[in-house]
Amino acid sequence: MPRTQEEIAGLSALGRPASIRKDYTPEVLEAFPNKHPEHDYFVKFNCPEFTSLCPVTGQPDFASITISYVPDTKLVESKSLKLYLFSFRNRGDFHEDCVNIIMNDLIALMQPKYIEVWGRFAPRGGISIDPYANWGKPGTTWRKTAEERLFYHDMNPEMVPWRR
């Protein structure tokens, strides 16, 4: 069913040509109302072409970023998320910072019930770094879920397959 003009009125990027910024741009993130707040459900985004810069050497870092969240009253609009993630391409941050910045910006935008961000960075210098961060809304059962998922997150580590 098509969205009404009222539902998309606040979404400025949707349906327009993409304007890709060359600097970190959290203000491009947009949200829209959750039509099903009575149900808990996961929304998952996979960004296999995430790029940022090493803050020390300026060399590019490549990653697959996975964002999973349980919405409350708002959802992130996917095109705005894509433009936001593109804005890291010229930003110098350590891998752990990228994952936490993304999570914090999405928390500020949506106040989800639960969110996790996992970065699987390509090896550089023979080492890959796979930071994982999560958050559960205080005062909800999702807070305990966040603690448990973080605790058990890497109990069965998997290999990160990268093409050569």
Side-chain angles (χ1 to χ4, degrees), residues 10-32 34 41-72 74-137 142 145-147 149-164:
L11 303 177
S12 64
L14 190 60
R16 292 174 179 73
S19 174
I20 298 174
R21 301 269 304 262
K22 294 189 178 186
D23 56 338
Y24 166 69
T25 316
E27 60 271 12
V28 301
L29 283 170
E30 296 181 335
F32 62 93
N34 180 5
Y41 59 96
F42 269 93
V43 177
K44 182 182 272 189
F45 290 100
N46 298 300
C47 179
E49 298 175 344
F50 180 83
T51 308
S52 62
L53 297 176
C54 173
V56 177
T57 66
Q59 293 180 340
D61 288 317
F62 303 97
S64 179
I65 300 286
T66 302
I67 300 164
S68 297
Y69 71 98
V70 176
D72 193 354
K74 296 179 184 177
L75 292 105
V76 64
E77 192 279 314
S78 61
K79 184 174 181 182
S80 76
L81 179 63
K82 175 177 68 173
L83 296 173
Y84 165 74
L85 293 172
F86 284 169
S87 79
F88 279 81
R89 289 186 179 198
N90 293 316
R91 183 177 168 94
D93 278 315
F94 291 112
H95 302 153
E96 300 86 352
D97 293 331
C98 290
V99 164
N100 279 281
I101 290 166
I102 292 166
M103 185 182 72
N104 290 336
D105 286 344
L106 290 171
I107 291 169
L109 175 73
M110 300 182 295
Q111 286 297 305
K113 293 177 183 178
Y114 174 81
I115 189 167
E116 60 188 35
V117 180
W118 189 359
R120 294 169 193 86
F121 284 81
R124 203 153 49 82
I127 295 177
S128 66
I129 301 174
D130 297 344
Y132 170 88
N134 74 355
W135 178 86
K137 187 176 258 187
W142 289 103
T145 299
E147 292 171 5
R149 284 178 74 99
L150 182 62
F151 182 77
Y152 291 109
H153 168 72
D154 221 13
M155 296 300 269
N156 296 305
E158 74 293 330
M159 293 192 56
V160 179
W162 289 100
R163 293 186 181 152
R164 294 177 192 216

Verdict with reasoning, Thr25 to Leu83, per side chain to side chain contact (heavy atoms under 4.5 Å, CB included): CA-CA 8 Å; Thr25 316; Leu83 296 173; over 6 Å; no
Distance-minimising heavy-atom pair for Trp135 and Pro112: CZ3-O, 3.0 Å
Pairs meeting criterion salt bridge (Lys or Arg N to Asp or Glu O under 4.0 Å) with involvement of residues 48-68, two or more places apart: Asp61-Arg124
Pro71 and Tyr41, any side-chain heavy atoms less than 4.5 Å apart: yes
Residue pairs fulfilling salt bridge (Lys or Arg N to Asp or Glu O under 4.0 Å) with at least one residue in residues 108-118, sequence neighbours excluded: Asp40-Lys113, Glu116-Arg149
Least distance between heavy atoms, Leu53 atom then Arg89 atom: CG-O, 3.5 Å
Atom of Phe88, atom of Ile102 and distance for their closest heavy-atom approach: CZ-CG1, 3.7 Å
Ser80 side chain vs Glu77 backbone, donor-acceptor pair below 3.5 Å: yes
Min side-chain heavy-atom separation Arg120-Trp118 under 4.5 Å: yes
Nearest atoms (heavy-atom pairs only) where Gln111 meets Asp72: O-CB, 3.6 Å
Closest non-hydrogen atom pair between Leu75 and Met110, with its separation: C-SD, 3.7 Å
Distance in Å, Ile67 CD1 paired with Met103 CE, rounded so as to fall on 0.5 Å steps: 11.0 Å
All salt bridge (Lys or Arg N to Asp or Glu O under 4.0 Å) counterparts of Asp93, not counting sequence neighbours: Arg91
Considering all heavy atoms, the nearest Ala122-Ser128 contact: C-CB, 4.3 Å
Whether over 12 other heavy atoms sit under 6.0 Å from Lys137 NZ: yes
Parallel, tilted or perpendicular: ring planes of Phe121 versus His95, cut at 30 and 60 degrees: parallel
Chi angles and distances behind the side chain to side chain contact (heavy atoms under 4.5 Å, CB included) call for Tyr84, Leu109: CA-CA 12 Å; Tyr84 165 74; Leu109 175 73; over 6 Å; no
Distance, nearest 0.5 Å, that separates CG of Leu29 from CG of Leu85: 8.0 Å
Donor-acceptor under 3.5 Å (Tyr69 side chain, Val76 main chain): yes
Plane angle bin for Tyr132 and His153 - parallel if under 30°, tilted between 30 and 60°, otherwise perpendicular: parallel
Test log, rule side chain to side chain contact (heavy atoms under 4.5 Å, CB included), inputs Ile101 and Tyr24: CA-CA 11 Å; Ile101 290 166; Tyr24 166 69; 3.4 Å; yes
Working for side chain to side chain contact (heavy atoms under 4.5 Å, CB included), residues Leu106 and Leu81: CA-CA 9 Å; Leu106 290 171; Leu81 179 63; 4.2 Å; yes
Atom pair CD (Glu30) and OG (Ser78), whose distance is rounded to the nearest 0.5 Å: 11.0 Å
